[in-house]
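Below is one structure; the comments refer to it alone.
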Amino acid sequence: AVVSTQSGHYGRDPSNLKHSCDHMYGEQYLYTSCTGRCSDSSCPLRTIPRYEVCPSQFPDRVGTIVNNKYLMFLTRSYGSLYTNRYFVCEDNTTCVDYSKVCDLVYD
């Protein structure tokens, strides 16, 4: 997108720029790739916690049908509250809690 700056010049919106993430690792790579700012790398985390993923990590999970399309899993988080705040890694056997990924930018 083209935007006007305070000086009246027009240029590209820096928040939309994509760049190479080949030099990034760890938290920086996760945050940058998963916010869509890498030109050559995709986010290694998936956001749909389907029931068939991460079976050994959450043995006491509960399944529910979503949009009449697929089965998703939930885990008990607080008392009787169930949530699905997980990102699924590409190996489909490891899930990462949302707070352990999204809060990294503030660490």
For residues 61-69, which side-chain N or O atoms pair as donor and acceptor with protein atoms under 3.5 Å away, sequence neighbours left out?
unit_1 : atom_1 : unit_2 : atom_2 : d
Arg61  : NH1    : Tyr51  : O      : 2.8
Arg61  : NH1    : Val53  : O      : 2.6
Arg61  : NH2    : Tyr51  : O      : 2.8

d(Tyr86 OH, Phe58 CZ) to nearest 0.5 Å is 4.0 Å
Interatomic distance, CG@Asp91 vs SG@Cys54, rounded to 0.5 Å, equals 7.5 Å
Tightest non-hydrogen contact, residues Lys18 and Cys38, listed as CD-O, 3.9 Å
Rounding to 0.5 Å, atoms NE2 (His19) and OG (Ser41) come to a distance of 10.5 Å
| Non-hydrogen side-chain atoms of Cys89 and Val96 separated by less than 4.5 Å | yes
Donor-acceptor under 3.5 Å (Thr32 side chain, Tyr29 main chain)
no
CZ (Arg37) and SG (Cys21) are apart, to the nearest 0.5 Å, by 10.0 Å
Closest non-hydrogen contact found for Asn84 with Met72 is ND2-SD, 2.8 Å
query = Val88 versus Arg50: any side-chain heavy-atom pair under 4.5 Å?
reply = no
What one should report as the nearest heavy-atom pair of Pro55 and Glu52 is CD-O, 3.9 Å
Exercise. Distance-only, no hydrogens or angles: does the Asp60 side chain make a donor-acceptor pair with backbone N or O of Thr75 under 3.5 Å?
Worked result: no
